[in-house]
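For reference, the structure discussed in these notes is given below.
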Amino acid sequence: MTIETLGVVGAGTMGNGIAQAAAVAGLRTILIDVSDAALGKGVAALTASLDRLVAKEKLDVATRDAALARIETSTDYGQLAAADLVVEAATENLDLKLRILKQIESVVRPDAIIASNTSSISITSLGATLADPSRFIGLHFFNPVPMMPLVEIIRGLQTGAATAEAVRELTVRLDKSPIGVKNSPGFVVNRILVPMINEAFFLLAEGVATAEEIDAGMRLGASHPIGPLALADLVGLDVCLSVMDVFVKDFGDSKYRACPLLRELVAAGRLGRKVGQGVYCYN
């Protein structure tokens, strides 16, 4: 199957980033969200991202304008009937994802592929709720999508080989580097990364070092381009907490318990860069 039209449900950080990457690669892109306001915010974000690439001379004006022209927005799921692949890119909430996947399934063609950009939830479990789970797959992009080359392709127990191959070909077309991953909580990257971030919160809560010192330690001592606490702010503290909670539930191992400080910051609404404050203040 050749994928020429991509649907994306969710115009937030991940959704608009996926839409941008698809449109730049030449795909017709249909971006869906619950309101015109959410769609407007998403398009504004991806337009600003394209403008930054033009300013850095990594993209020319004609390519930017052509990409924007390929993006259609709507609050009507019915528009996804034209899509060859639809990616669900909502926040890490199981009930929300299940509702969205059911809505997608109700409108897409029988041969269309359905994917989830989940960072931790079981692809097998999500696929089991669909009438044809063989066309369902995990397609995990990383933030910021236009810049990060990695995509994890996660096959659930029921995912068909043709589905996996079509998605792999698409990721290469998007100028990404895919890795194949078995269905497991957190897959590969978040299985390693988020517990490390969580441990950094324990260090901060225990007063072992300041946030700046913890981040400097990992940048200068482990050659990480960004420290774990700054990275948590970039990813979103709510996302990090959701992933840790999935790990505790699915593995049944207390070593994955979320740091109380992380949970408290999320409760306070300090979710990171997207709201202007997390571990650090961005105002």
Side-chain angles (χ1 to χ4, degrees), residues 12-14 17 89 91-94 116-123 138-145 147-154 176-282:
T13 300
M14 297 306 297
T91 188
E92 285 291 282
N93 179 288
L94 177 60
S116 175
N117 186 58
T118 180
S119 56
S120 59
I121 300 173
S122 168
I123 297 302
L139 192 55
H140 183 211
F141 291 84
F142 289 78
N143 182 35
V145 177
M147 306 304 296
M148 297 294 282
L150 180 66
V151 178
E152 289 180 320
I153 298 176
I154 308 104
K176 303 298 183 186
S177 299
I179 61 172
V181 179
K182 290 183 179 180
N183 184 60
S184 179
F187 317 126
V188 169
V189 174
N190 281 338
R191 174 82 173 271
I192 299 169
L193 178 65
V194 181
M196 182 193 73
I197 289 173
N198 191 55
E199 194 62 29
F201 276 100
F202 274 114
L203 288 170
L204 182 61
E206 293 165 11
V208 174
T210 66
E212 292 81 2
E213 289 166 334
I214 292 166
D215 280 349
M218 294 306 292
R219 289 198 319 272
L220 303 177
S223 295
H224 289 196
I226 185 173
L229 297 172
L231 181 57
D233 277 353
L234 179 62
V235 171
L237 272 61
D238 53 336
V239 175
C240 294
L241 178 59
S242 294
V243 173
M244 292 304 297
D245 285 344
V246 167
F247 286 172
V248 168
K249 176 179 175 293
D250 288 0
F251 287 118
D253 191 331
S254 63
K255 75 177 182 180
Y256 292 112
R257 71 196 186 285
C259 175
L261 175 59
L262 172 60
R263 196 174 296 280
E264 186 173 12
L265 289 171
V266 171
R270 292 175 56 174
L271 308 182
R273 285 181 178 270
K274 59 188 173 185
V275 298
Q277 190 174 21
V279 176
Y280 299 100
C281 183
Y282 301 91

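Atom CG of Leu139 is separated from atom CD1 of Ile123 by 9.0 Å, given to the nearest 0.5 angstrom. Here the SG atom belonging to Cys240 is positioned 9.5 Å from the CE atom belonging to Met196, to the nearest 0.5 angstrom. In this structure, the separation between CD1 on Ile214 and CD on Glu199 is 10.0 Å, given to the nearest 0.5 Å. In this structure, OG1 on Thr210 lies 11.0 Å from CG on Leu203, to the nearest 0.5 angstrom. Expressed to the nearest 0.5 Å, how far CG of Asn117 lies from OG1 of Thr91 amounts to 11.0 Å. To the nearest 0.5 Å, the span separating CZ on Phe142 from CE on Met14 amounts to 8.0 Å.
Contact check for Asp238 versus Lys274: side-chain heavy atoms found under the 4.5 Å cut-off. Residues Leu237 and Leu262 form a side-chain contact, since some pair of their non-hydrogen atoms from C-beta on lies under 4.5 Å apart. At least one side-chain heavy atom of Val239 sits less than 4.5 Å from a side-chain heavy atom of Ser119.
Val275 approaches Gly269 most closely through the heavy-atom pair CG2-O, 3.6 Å. When all heavy atoms of Ala258 and Met244 are compared, the closest pair comes out as CB-CB, 4.1 Å. Nearest heavy-atom pair across Phe202 and Pro260 is CE2-CD, 3.9 Å. Annotation for Gly227 and Arg219: closest pair N-CG, 3.7 Å, computed over non-hydrogen atoms. Here the closest non-hydrogen pair linking Phe187 and Val181 is CB-CG1, 3.7 Å.
Checking side-chain atoms of Asp250 against main-chain N and O of Pro185 turns up no donor-acceptor pair under 3.5 Å. A distance-only check finds no donor-acceptor pair linking the side chain of Lys176 to the backbone of Glu152 [under 3.5 Å]. Here the side chain of Asp215 pairs a donor or acceptor atom with the backbone of Leu229 at under 3.5 angstrom. Remark: side-chain polar atoms of Asn198 are paired, donor with acceptor, to backbone N or O of Arg257 under 3.5 angstrom. Side-chain N or O atoms of Asp233 include one that pairs as donor or acceptor with a backbone N or O of Val279 at under 3.5 Å.
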Can Val243 and Val246 be said to form a side chain to side chain contact (heavy atoms under 4.5 Å, CB included), step by step?
CA-CA 5 Å; Val243 173; Val246 167; 5.7 Å; no
Working for side chain to side chain contact (heavy atoms under 4.5 Å, CB included), residues Leu271 and Val266
CA-CA 6 Å; Leu271 308 182; Val266 171; 4.0 Å; yes
Should Phe251 and Arg191 be marked as a side chain to side chain contact (heavy atoms under 4.5 Å, CB included) after you check the CA-CA gap, both sets of side-chain angles, and the distance that decides it?
CA-CA 11 Å; Phe251 287 118; Arg191 174 82 173 271; 3.6 Å; yes
Walk me through whether Glu92 and Thr118 qualify under side chain to side chain contact (heavy atoms under 4.5 Å, CB included).
CA-CA 6 Å; Glu92 285 291 282; Thr118 180; 3.1 Å; yes
Could you walk me through whether Ser242 and Asn93 pass the side chain to side chain donor-acceptor pair (under 3.5 Å) test, one step at a time?
CA-CA 8 Å; Ser242 294; Asn93 179 288; over 6 Å; no
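Ring pair Tyr282/Tyr280 is perpendicular by interplanar angle, where above 60° counts as perpendicular and below 30° as parallel.
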